[in-house]
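Notes follow once the structure below has been shown.
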Amino acid sequence: ETGVTQSPTHLIKTRGQQVTLRCSSQSGHNTVSWYQQALGQGPQFIFQYYREEENGRGNFPPRFSGLQFPNYSSELNVNALELDDSALYLCASNSGGPGGVGDYEQYFGPGTRLTVT
Amino acid sequence: KQEVTQIPAALSVPEGENLVLNCSFTDSAIYNLQWFRQDPGKGLTSLLLIQSSQREQTSGRLNASLDKSSGRSTLYIAASQPGDSATYLCAVRPEGGSQGNLIFGKGTKLSVKP
């Protein structure tokens, strides 16, 4: 148990719809990251939030957006869903700052399985 | 562009064997390397984190080494058990990247047979 929770566990959406996925970080972890993991692949970094501001982004289009709240919860929103968005979405939290040196383990949640039909 | 490769993609061993999983990365400018375990359809469990200045880390039956200059890491599992069956992923945090920006390999799927 990492103390990071995600909801829902599974979700089925139709192409073109919008979806919101939720994550609750460990208490005291000000940094949360979101990853997309397609079947048979390693996770790919979507973006990171530190104290409610985005401060790092991977190669994902703007229709992937996020929010982070003061109570250690966060959301990943995806607009205009495409079939290729079907994946396991993982959030991870750590106690580090936004960047720079320092080694902080990433603690991952169990993920949300999104299927787009 | 940093790329992480894991060999082999899959491995099947009898219970009790010692085994080595390999991870290589193309750019040695990293802050750290982390090994994870993932059970089918589940999230990731952190196993070991090696800082760029370290050569190895140990936890129980697991030992991870890092050769930053050659872009290689190995995860050694001693006396394997059926409960070790899972996919093992390695990830690097590139220098200049944010804390959460990890670059992952595709993983090695390990099966330990009783």
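Convention: sequence-line order gives letters A, B, ...; per-chain numbering from 1.
- The 12-atom threshold is exceeded at NZ of A/Lys13, counting heavy atoms of other residues, nucleotides or ligands nearer than 6.0 Å.
- A 6.0 Å sphere centred on CG of A/Leu39 holds no more than 12 heavy atoms belonging to other residues, nucleotides or ligands.
- Taking hydrophobic clusters as Ile, Leu, Val, Met, Phe, Trp and Tyr residues chained together by side-chain heavy-atom distances below 4.5 Å, B/Phe36 does not share a cluster with A/Tyr89.
- At a threshold of 4.5 Å between side-chain heavy atoms, the hydrophobic network of Ile, Leu, Val, Met, Phe, Trp and Tyr places A/Ile46 and B/Ile103 in two separate groups.
- In the displayed structure, A/Leu67 atom CG is contacted under 6.0 Å by more than 12 heavy atoms of other residues, nucleotides or ligands.
- Here A/Asn55 contributes atom CG and B/Asn101 contributes atom CG; the two are 10.0 Å apart, rounded to the nearest 0.5 Å.
- Counting heavy atoms from C-beta on, the side chains of A/Gln44 and B/Leu102 never come closer than 4.5 Å.
- What you find for A/Gln106 and B/Gln34 is that their closest heavy atoms are N-NE2, 3.5 Å.
- Among the candidates A/Gly42, A/Gly58, A/Pro43, the residue making the largest number of heavy-atom pairs closer than 4.5 Å to chain B is A/Pro43.
- With rounding to the nearest 0.5 angstrom, the CG atom of A/Leu90 is 12.5 Å from the NZ atom of B/Lys42.
- When the side chains of ILVMFWY residues are joined at heavy-atom separations under 4.5 Å, either directly or via intervening members, A/Trp34 and A/Leu11 end up in a single hydrophobic cluster.
- Separating the CZ atom in B/Arg37 from the CZ atom in A/Phe108 is a distance of 16.0 Å, to the nearest 0.5 Å.
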Ring pair (Phe, Tyr, Trp, His ring centres under 6.0 Å) between B/Phe104 and A/Tyr35, worked out: CA-CA 10 Å; B/Phe104 282 84; A/Tyr35 289 81; 5.7 Å; yes
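- Using a 4.5 Å cut-off between heavy atoms, B/Glu95 makes no contact with chain A at all.
- Residues A/Leu21 and A/Leu88 do not share a hydrophobic cluster, defined by chaining ILVMFWY side chains whose heavy atoms lie under 4.5 Å apart.
- For A/Gln37, the part lying near chain B is the side chain, with the backbone staying farther off; criterion is any non-hydrogen pair under 4.5 Å.
- Within 6.0 Å of atom CZ in A/Arg15, 12 or fewer heavy atoms from other residues, nucleotides or ligands are found, so the atom counts as exposed in its surroundings.
- Shown here is A/Asn71, whose CG atom has more than 12 heavy atoms of other residues, nucleotides or ligands within 6.0 Å.
- Listed by sequence position, B/Leu89 are the residues of residues 78-91 of chain B in contact with chain A, using a 4.5 angstrom heavy-atom cutoff.
- By the 6.0 Å contact criterion, CZ on B/Arg55 is open, its count of non-hydrogen atoms from other residues, nucleotides or ligands being 12 or less.
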